[in-house]
Structure formats: C-alpha cells, structure tokens
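First up is the structure itself, then whatever we jot down about it.
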Amino acid sequence: METTREGIVCNNLDQMDVVFERTKVLHDTPTSYCPGCGHSVAHRLIMEVIDELGILENTIGVAPVGCSVFAYHFMNVDMQQAAHGRATAVATGIKRVLPDKIVFTYQGDGDLAAIGTAETIHTINRGEKIVIIFINNGIYGMTGGQMAPTTLEGDVTSTTPQGRNTLIQGHAIKITEMAAIMDGAYYVTRQAVNSAIAVRKCKKAIKQAFQNQIDGKNGTNFVEIVSNCPSGWKMTPIEANRKIDEEVIKYYPLGDLKTPPKGA
Amino acid sequence: MGKKLLMKGNEALAEAAIRAGVKGYFGYPITPQSELLEYMATNLDARGGVFLQAESEVAAINMVYGASGTGTRVMTSTSSPGFSLMQEGISYMACAELPCLLVNVVRGGPGLGTIQPSQGDYFQAVKGGGHGDYKLIVLAPNSVQEMADLVYLGFDLADKYRIPTLILSDGALGQMMESVEFPEYNVEEHLVDHSSWTTIGRENGREQHYITSLHLLSEKMEEINIHLQDKYKIIQKNETRFESIQTEDADILIVAFGLSSRSSQKALELAREQGLKVGMLRPITLFPFPTDEIKHLAQIVKGILVVEMNAGQMVEDVHLSVGNNIPIDFYGRMGGMIPQPDEIVEKIKDLSKQVKI
Amino acid sequence: MAKIHGHVKIEIENCKGCELCVNECPQDSLKMSKNINKKGYHYAVLNDDTCTGCTNCALVCPEAIITVYRESKISKEKMATITDIKDNISISVN
C-alpha cells in the first residue's frame, strides 16, 4: 500500500492497533463511481456486513441497470446482473429455488421506483425473504443526470431544465413509505451515508436487514439509502452531502419506518 | 410408464415438465395456456418444485433468469401477448447463456387478437424476438403426445447448449385432448453440472461467479456474439429434426409445422386418392430449420406448397432454403382460422396445374 | 484523559480528491495535497499529528482507501507495571 509521500509519518505503527481497514469482500479494483459518490460507501457497508456476518459463502446479490450496473466488479460476492427494474424479480427467482441462501438486490431509484415499481411492490407484497438495498440519489446518474422518480420538486435535471414541476412531472415518489404499509414488509428503514454518524447508523440498519434474512424472518427487508450525485446535481461532494441534510431528508425523513413487533 | 392417458396438451406438457425434473415454474395467467399454469400450481410444489405466479410476464421471465442462474431446471409458459413482454428477458438469457424452457401457446394476433390458435409468432420465435443477434432452439409439436415428448428434448437441449429453448405450440394443441404416454426418463442421468458458472454463493471461498449480459468493451461484446453464432452453427449441424411423409415419389411437397401439418396430412391423403403424388416435410425444429433436407427435396419434387396459420412466415425460410428454381406456393389462414384439408387440396391442384403434372 | 494518538494511511493513488475525509475530520488533521496522483486527482494527506484514530475519515471515504491506526491500550499498561506491592498504593496514570 502506497505510504503517504508527505505529511505525518509514523514509525511505531506496528505497536498500534488497526481500527479500520478495507474489507476483503470488496474487489481491489477502484470503483467506477464519481468522486464522492455514495454508491461506493454503500457498497463498502454491505460488503462489511456480509464479511462480519460470515455469509460470503451463501450470499447472492443482484445488480440493477444504472450507475451500479457494475456492482459485481466491486462486490466480491456471487452476483447476477438484472434487466433494468427487474432485480427483485431475479432475486425472487433465486430465493424461491434456493431458500437457504442469502439474497439481496442493490438498486437505484429509477430501477426500483420507476421502471421496476411493479416488481418492487409485488416482491414486497409476497414478503420475499430478501434484502432490498435502494439507493435514492434523486437522479438517473448513469445516463447523464435525468429526472428520477425521487427527484425533488424544483430540482433541475437534464429532463427538468426548469426544475421539477409537480403539475407536469408529478411528485417525488415515497416508495419507502409505500413499502412500510405493506404487510409483506418485515423491516423498512431509510438511512443516509452523507456523514460519519449517518454511515454508522446505516451500517447498523443494513446489518439488521441481513440478520433478519439469516433468521428467516417472514417478510422483505427494505433499506433505502439516501445518497448524493455530485456530478448529476452539479455540486461538490461536500455541497451534495450538505444538500441531503438541508433538503432531501426534509422530504425523505431518515429512520425506521417499519420495525418488526418485539419477538416477531 | 407405458400407460396411455387422455390429456389436454397444456396439461400433458406440464406433467412432462415435472417428470423431466423442472424445479421452478414462474408464470402468469393468459388464455389459451392457463391450464399449464394451473397444473403447475396444483402439482409442482408437491413433487419437489417451486411454483410462483408472478405479477406480470416481465416479472415471470426475470424470475426464470434468476432461478436458471442457480443451475436449476426452470421454465415459464405464456401466449403471444405475454411472450412479447418476455422478449427483453429472453434476450438477456440468450446472451448470458442461461438454459430454460419457454412455452408459447400461440394465439391469433396481432394486438390483443383472439384466443384461437395461430402460428403468427413464427418470426418472433425463430429470428430472435428481442434485441440483438441471438436465436432460441424452437421446437414445434403437432400433437398432445409431442407436447409432452418435446419437453424432455427441450430441457436436454437447453442444458446441453446453455440456451433458452422454446416450445412453439398453439391454442388448439394446448386445449385439445388426445392420448399421451409419458416415456421413461431418469432425471439424474440427464442433468448437466453447471456448478462452474452458477451463482449460489462463493462456497469454500471459491472465486466469484457473476452472470451478466453487459460487456461495454466492444471487442468483448463481439467475442460473445461470435461465440453465440458458433454455438448456433453447431446446433444447426447436430440438432435439426423433421418428419418426412411419402416424399420419396412426391411431385408436390407440402411444408408445414404444428397444427397446419395435421390438416396438411389429411389433404395429402385426399390428394393421393385423386392420383396426385403429394409428400410432406414437417419441421419439428424451427430453429435449427431443416434447410438441407428441403433443398434436397426441391431437386426431386416439381413444386412446393407451404401451409401455415399466418400471412406467410416460414415460407420465407423455405425460399431461402430452395432458391427460386422451383415454384413455391403458400396457403395460410389467419386470425385463428385453421386451414381445412379440402382448401389445401384445392391449392395442391392449382399448383399441380401450374407445374404441369 | 491524555489524547489518544492515532494515524491514518491513505492509498493516494486511488484517491479521487472528493475531500469528504478532510471535511469530516474532527481534528482537522487532514488536508488535500498540492500534488496529484496518477489519475490527476489531488489526494488527501495526514497533515497534523492530531489524529486520534476516530475512523470518521474512513467511514465516509467512498474509495475505502484509508486504514486507521490507534495507539493500543497495551502499551499504556506496560508503563504502569510495578513489580512488588507491599501495601495498597494508589497510582494514577494520566
């Protein structure tokens, strides 16, 4: 590993404890995401959880179409790449024939809450015992920054040049709230990765979701991760993370929306 | 089990699939194939498989995609409009080389059309109905017995070549009842070990498997395409199947598949009674198409009559096989109408006059 | 309580210059280098020896290229071992 050519050098590292290091369940290759993108953080958290729960040999992931279409080049777990919007159907197929395996999908907002809405709703309605990771960055990043189903009112994108007008382009969809009222949902939460505190909470939620699946709890585990898109939002990563605190989570409040009743 | 049963085509197909070791069925209701879905709903779970009715054909085919990626024998069945919805998923499976069995119980189209039988989906079936260069192995039963027999063949070919394999049936074959015997079939002997590429979790820390049809690098995407085309050439060489009936002395050759071949068979007999030497070639595999056999027969007969239940689709492939050195005529009914034997006999007579028999 | 001493190692060749770590560090120990890596990004550098090993930078780093070290507690115990204690002596180690 490249040591810093400059800055503080520490020569008694060997007497120090390593308190944080990159998980081996991430591939070594750098991600293809833009600088500061929340996808990379979300990838790392999921791989850390899979590492810590010791389920690498039993886990199958499903990648969507979107910025994270290459997820399997970064997540070193068995994965399938699904057609746009169909990841939860692919995951259903896997889980139904291999019920003892741990299955998760990793999807963007366009994938899960636009083209894949029917699959999302019915997968949850059937209570498929999978984990759905839903990255909400309010934009179609891969294709160059178009409006997403979760683009906030007034936000400018390449297909809402005057800002999203709810009378014409409709409202930022609250798919996670919709999931939370479904009987098929077991655990529904909305987290973020735009600060260290948020990242800690997010990892805890992801771990809870996977643990529910390991325990065979009846129902779908749905983890929305509010994330940024520095390139699409035309902001620096720091500004983008600030926008999340100042605007996005006002409309999409963080926290658990559905938690299983005690002992369920 | 040589016991003869009287069954509907759809149900015979479903029973054969269970006997052939299908472990996952993902489908959606649509006339005229819903009996197949219902048979699976009633029987599959109890016999070691998983049945699931999806929220749409789009979801169903993607469930098949996922389940196939675990190395499990899986299938879906639908009818024309539903099969159109499945095209994207099938294209993905063709590229990712995922084996599965598909069933299209064709109904009259286009559009919502009718629920009566048709062969109007021929082009969609054999020319690759979705985007990109790919083919499916397409099998065309013409009886309830074949609705069963071709299932075993379909699963075996799908696994052997890692290719989605389609049974192109129709509303009549699916709904009518005929006697059927299910052959002896030891599933274990036919299963193929796919564990070198399936996604079931990195057991013992083996290296990652991933299934994708995404290859942004053109050099790689072309490599994939060349590999697929090579596979199709091998299939063309090894897996072409057809039935020849009284072609040895034929002056007129009928080419017809599926239900059309039943009416044509009757017409052949009627024509022979009237002294016209008619033979028939019935493709059983629509891909791979029996090109060589038709080319060979074209040197013996004086004229070819293609009979279909569409506006003329397979006739084009007959033209491609034969070239234009002998007359090729076409007779088709559409909208769910079935060509009748006497109508076909009239066409045979017209053609005979044309080629001066 | 004496400040815990920490350190970070950054794989600068894979840094994309997003500055999230610099922004997140409670001690302002990190800053962006004036130099650029092979990809042309300015990379983050541990600039002041004020790091406490709190791992905030690593938590927000999208590229997972920061390894965080913290002074291990064992070395403190070593300082406070006393060989033979006749009666109870109270020792406070600050």
Side-chain angles (χ1 to χ4, degrees), chain A residues 1-45 47-48 74 192-203 227-228 230 236-242, chain C residues 4-26 29-35 37-39 41-76 78:
Chain A
M1 219 160 38
E2 183 76 42
T3 52
T4 42
R5 286 193 295 267
E6 59 211 274
I8 302 302
V9 178
C10 173
N11 37 41
N12 62 351
L13 271 190
D14 40 25
Q15 281 118 31
M16 299 176 83
D17 300 331
V18 172
V19 289
F20 185 95
E21 65 183 327
R22 182 190 179 93
T23 168
K24 308 241 170 340
V25 188
L26 276 174
H27 277 296
D28 299 338
T29 49
T31 68
S32 52
Y33 302 114
C34 308
C37 174
H39 269 303
S40 304
V41 178
H43 281 35
R44 193 195 76 230
L45 295 182
M47 292 308 109
E48 286 172 358
F74 314 129
V193 283
N194 64 328
S195 68
I197 301 157
V199 165
R200 286 193 179 91
K201 285 189 195 149
C202 183
K203 178 168 177 180
S227 182
N228 61 10
T236 69
I238 292 170
E239 287 162 353
N241 281 353
R242 193 174 305 128
Chain C
I4 301 165
H5 179 247
H7 185 73
V8 293
K9 269 168 80 179
I10 300 168
E11 227 184 291
I12 55 171
E13 284 311 323
N14 286 328
C15 175
K16 292 180 183 172
C18 74
E19 307 190 22
L20 287 176
C21 59
V22 174
N23 182 59
E24 197 70 25
C25 176
S29 314
L30 295 163
K31 83 167 174 45
M32 300 309 286
S33 165
K34 291 198 179 30
N35 304 321
N37 61 20
K38 289 199 196 83
K39 291 181 186 159
Y41 291 113
H42 292 286
Y43 48 84
V45 169
L46 181 61
N47 188 52
D48 305 333
D49 198 7
T50 52
C51 169
T52 64
C54 75
T55 74
N56 275 12
C57 57
L59 288 175
V60 298
C61 171
E63 305 313 316
I65 55 170
I66 301 178
T67 305
V68 184
Y69 302 83
R70 196 181 297 150
E71 212 159 37
S72 56
K73 294 189 202 64
I74 319 150
S75 65
K76 276 231 167 53
K78 270 207 201 75

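Since we're looking at a predicted model, the values are computed, not measured. Residue numbers start from 1 in every chain, and the chains themselves are labelled A, B, ... in the order their sequence lines are given, proteins ahead of strands.
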Note to self: Within this structure, what is the NE2-CE distance for the pair C:His7 and A:Met16, rounded to the nearest 0.5 Å?
What the structure shows: 7.5 Å
Margin query: Which atoms of A:Thr236 are under 4.5 Å from chain C, going by heavy atoms: the side chain, the backbone, both sets, or neither?
Written below: neither
Margin query: With a 4.5 Å cut-off on side-chain heavy atoms, are A:Val41 and C:Val60 touching?
Written below: no
Note to self: For the interface with chain A, which of C:Leu30, C:Leu20, C:Asn14 has the highest count of heavy-atom pairs at distances below 4.5 Å?
What the structure shows: C:Leu20
Next item on the list: Identify which of C:Cys61, C:Cys57, C:Gly17 forms the greatest number of heavy-atom pairs closer than 4.5 Å to chain A.
Entry: C:Cys61
Check: Got a second to check how far A:Cys10's SG is from C:Lys9's NZ, nearest 0.5 Å?
Finding: 9.5 Å
Notebook entry, point to check: Rounded to the nearest 0.5 Å, what separation is found between the CD atom of A:Glu21 and the CD1 atom of C:Ile66?
Noted result: 13.5 Å
Check: Rounded to the nearest 0.5 Å, what separation is found between the OG atom of C:Ser29 and the CD1 atom of A:Ile8?
Finding: 9.0 Å
Next item on the list: Could you tell me whether a side-chain N or O of A:Arg200 sits under 3.5 Å from a main-chain N or O of C:Leu59, the two making a donor and an acceptor?
Entry: no
Item checked: Rounded distance (nearest 0.5 Å) linking atom CG of A:Asn241 with atom CG of C:Asn23 -> 8.0 Å
Notebook entry, point to check: Taking A:Cys37, A:Gly36, A:Cys34 one by one, which has the highest count of heavy-atom pairs under 4.5 Å against chain C?
Noted result: A:Gly36
Check: Roughly how far, to the nearest 0.5 Å, is CD of C:Glu63 from CZ of A:Phe74?
Finding: 9.5 Å
Item checked: C:Ser33-A:Glu6 side chain donor-acceptor pair, cut-off 3.5 Å -> yes
Next item on the list: Please flag which part of A:Val199 lies under 4.5 Å from any non-hydrogen atom of chain C: side chain, backbone, both or neither.
Entry: side chain
Note to self: Let's test your reading of the structure: which of A:Ile197, A:Leu26, A:Thr31, A:Leu45 forms the most heavy-atom pairs below 4.5 Å with chain C?
What the structure shows: A:Thr31
